[in-house]
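Not measured: the values here are computed from a predicted model.
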Amino acid sequence: MRLILLGAPGVGKGTQATLISKALSIPHVSTGDMFRYHISNNTDLGMKAKQYIEKGMLVPDEITVGMVADRLKQEDCQNGFVLDGFPRTIQQAIFLDKILKDLNIQLDMVINITLDDRNIISRLSGRRICPRCNAVYHIEDKPPKNDGVCDNCNAKLIQREDDKEETIIRRLQVYHSQSEPILEYYKNKVKIVNIESHKLIEVTTKRVFDALGVDYKMLNIC
Ligand code: AP5
C-alpha cells in the first residue's frame, strides 16, 4: 500500500501514520521527523532546515525533495510506504509524481485528515514528543504512563520548538496558502478519503482503518 496522509499541522497525521506503519508493516516516511533527525545530529541539511522550521515556514523544495527521493528509493519502501508531511506544495506533488514514475509505482490512496484551527492550536500546545524514538503524546488526550517520560524508551519528553503559539499560527497560515491546494491537484488522479479528526484518538483511528479496509482491533497495535 502506498499512502499519503494530508492535513494541517496537528490534525494527527503522525499519530495515525505510526499505527498504519505498524499494522501494514510499511515504513512511516515523515519529512518532519527526518528534518528533526538532521537537526539533532547537526548535519548541514539540518542546519539549513532549522532556520525555516523554527519560524513555521516550509523548508525550500530544493532541500526537501532530494531527501525524500533518496528515502523512497530505499529497499524497505519498495513494497509500500505511508508518507506524512510530504508533499506540502504543488511543486513537491509534481516532483513526487516524477519519482514514482521513475520507480514504476503508483499511489493507492490519499487520506486527508481535517480539524478546525482552534482545536489544532490546543492540540499542538499540549503535544510532547520523545526525542529518542519520535513517539507522540498529549498532556491530556494521550498522556504517558509516567509523567514526562516516554512509555517506549524511558527518554525525557520534550516540547517541539515549533509548538509555540505564534509559530503554530504561522504554520497554519502556510498550510492554508501552500499545502491545502494539493487536494485539488490529486482530485481525479488518485482516491482521496476525507476523515474528520475526532476528539478521541481511537475514533479517528477506526475511521482511518475503515478507509483502508483493515480491522485494526485484530492487529493489537494500539
Ligand atoms: P511536521 O513534523 O510534518 O509537522 P506538521 O505537518 O506541522 O504536523 P505535526 O507533526 O505538527 O502534526 P501531526 O498532524 O503529525 O499531528 P500529531 O500526530 O503529532 O513538519 C514540521 C516542519 O518541518 C514544518 O513546519 C516545515 O517547516 C518542515 N517540513 C516538513 N515537511 C516539509 C515539506 N514537505 N516541505 C517543506 N517543509 C517541510 O498530533 C498532534 C497532537 O495531537 C499530539 O499531541 C497527539 O497526541 C494529539 N492527537 C492526535 N490525534 C488526536 C485525536 N484524534 N484526538 C486528540 N488528540 C490527538
Side-chain angles (χ1 to χ4, degrees), residues 1-24 26-36 56 58 68 80-90 92-93 96 107-129 134-138 140-142 160 162-163 167-217 219 221-222:
M1 183 87 79
R2 287 151 188 128
L3 299 169
I4 295 180
L5 288 192
L6 293 182
V11 290
K13 300 182 299 295
T15 301
Q16 298 304 326
T18 303
L19 295 171
I20 294 171
S21 165
K22 274 190 206 161
L24 304 184
I26 52 177
H28 171 193
V29 178
S30 156
T31 40
D33 286 347
M34 289 157 92
F35 286 134
R36 283 184 286 279
L58 294 183
V68 174
F81 48 77
V82 49
L83 265 176
D84 160 16
F86 187 93
R88 248 176 159 105
T89 61
I90 299 279
Q92 291 183 7
L96 178 62
L107 289 172
D108 294 298
M109 197 185 289
V110 168
I111 295 180
N112 178 46
I113 307 181
T114 59
L115 184 67
D116 61 90
D117 288 4
R118 194 176 47 87
N119 277 312
I120 285 177
I121 293 169
S122 112
R123 273 198 197 172
L124 290 181
S125 314
R127 172 166 60 185
R128 300 292 180 269
I129 62 160
N134 294 326
V136 178
Y137 300 88
H138 189 277
E140 284 163 12
D141 298 329
K142 196 188 171 204
R160 268 171 49 174
D162 58 348
D163 279 348
T167 316
I168 297 170
I169 290 167
R170 177 78 186 122
R171 287 162 63 199
L172 283 168
Q173 287 165 346
V174 168
Y175 167 76
H176 290 303
S177 64
Q178 297 194 53
S179 306
E180 219 165 20
I182 295 174
L183 275 172
E184 195 57 32
Y185 176 85
Y186 281 123
K187 217 166 145 185
N188 305 325
K189 279 189 175 204
V190 58
K191 180 177 178 185
I192 302 177
V193 182
N194 291 302
I195 290 176
E196 198 185 340
S197 183
H198 191 273
K199 166 92 185 122
L200 295 173
I201 294 177
E202 204 179 89
V203 175
T204 310
T205 303
K206 182 173 182 326
R207 290 175 182 170
V208 168
F209 279 80
D210 283 350
L212 295 171
V214 175
D215 183 356
Y216 78 95
K217 288 226 157 120
L219 298 163
I221 51 166
C222 295

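- Here the shortest heavy-atom pairing between L96 and P87 reads CD2-CD, 4.0 Å.
- Proximity of a side-chain donor or acceptor of S179 to a complementary backbone N or O of T89 within less than 3.5 Å is not detected.
- Annotation for Y186 and A93: closest pair OH-CB, 3.8 Å, computed over non-hydrogen atoms.
- Checking side-chain atoms of D108 against main-chain N and O of R2 turns up a donor-acceptor pair under 3.5 Å.
- Using a 4.5 Å heavy-atom cutoff, the side chains of N134 and I129 are not in contact.
- At least one donor-acceptor pair under 3.5 Å links the side chain of T18 to the backbone N or O of G14.
- Using a 4.5 Å cut-off on side-chain heavy atoms (C-beta onward), M34 and V29 make contact.
- The structure places CG of D163 at 11.5 Å from CD1 of I121, a figure rounded to the nearest 0.5 Å.
- Every residue two or more places apart in sequence or in another chain was checked for a side chain to side chain donor-acceptor pair (under 3.5 Å) with K142, and none qualifies.
- Counting heavy atoms from C-beta on, the side chains of S125 and I168 come closer than 4.5 Å.
- Counting all heavy atoms, side chain and backbone alike, D162 lies closest to R171 at O-NH1, 2.7 Å.
- Within the 4.5 Å cutoff, the side chain of I182 has no heavy atoms near those of the V110 side chain.
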Let me have the donor-acceptor pairs involving side chains of residues 188-196, under 3.5 Å, with sequence neighbours excluded, atom names and distances please.
| unit_1 | atom_1 | unit_2 | atom_2 | d |
| --- | --- | --- | --- | --- |
| K189 | NZ | Y185 | OH | 3.2 |
| N194 | OD1 | N112 | ND2 | 2.8 |

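- What you find for I4 and F86 is that their closest heavy atoms are CG2-O, 3.9 Å.
- No side-chain heavy atom of H138 sits under 4.5 Å from any side-chain heavy atom of T15.
- Counting only distance, with no hydrogens or angles, the side chain of T31 and the backbone of G85 share a donor-acceptor pair below 3.5 Å.
- Considering every non-hydrogen atom in both S177 and P181, the closest pair reads O-CG, 3.6 Å.
- Note that CG of L6 and OG1 of T114 are 11.5 Å apart. Values are rounded to the nearest 0.5 Å.
- Using a 4.0 Å cut-off between a side-chain N of Lys or Arg and a carboxylate O of Asp or Glu, R207 and D210 do not qualify as a salt bridge.
- Between L212 and I20 the shortest side-chain heavy-atom distance falls below 4.5 Å.
- Considering only residues two or more places apart in sequence or on other chains, H176 meets the side chain to side chain donor-acceptor pair (under 3.5 Å) condition with D117, E180.
- Taken from CD1 in I169 to CD1 in I120, the straight-line distance is 11.5 Å, to the nearest 0.5 Å.
- Once rounded to the nearest 0.5 Å, the distance linking CZ of R127 with CZ of R160 reads 4.0 Å.
- Counting heavy atoms from C-beta on, the side chains of H198 and K206 never come closer than 4.5 Å.
- Interatomic distance, L172 CG to R118 CZ, rounded to the nearest 0.5 Å: 13.0 Å.
- The two residues I26 and S21 come nearest to each other via the heavy atoms O-OG, 2.7 Å.
- Here the side chain of K13 pairs a donor or acceptor atom with the backbone of G7 at under 3.5 angstrom.
- No donor-acceptor distance shorter than 3.5 angstrom exists from the side chain of R88 to the backbone of L58, with no hydrogens or angles considered.
- At least one side-chain heavy atom of K199 sits less than 4.5 Å from a side-chain heavy atom of D141.
- Atom CZ in F209 sits 7.0 Å away from atom CD in Q16 (nearest 0.5 Å).
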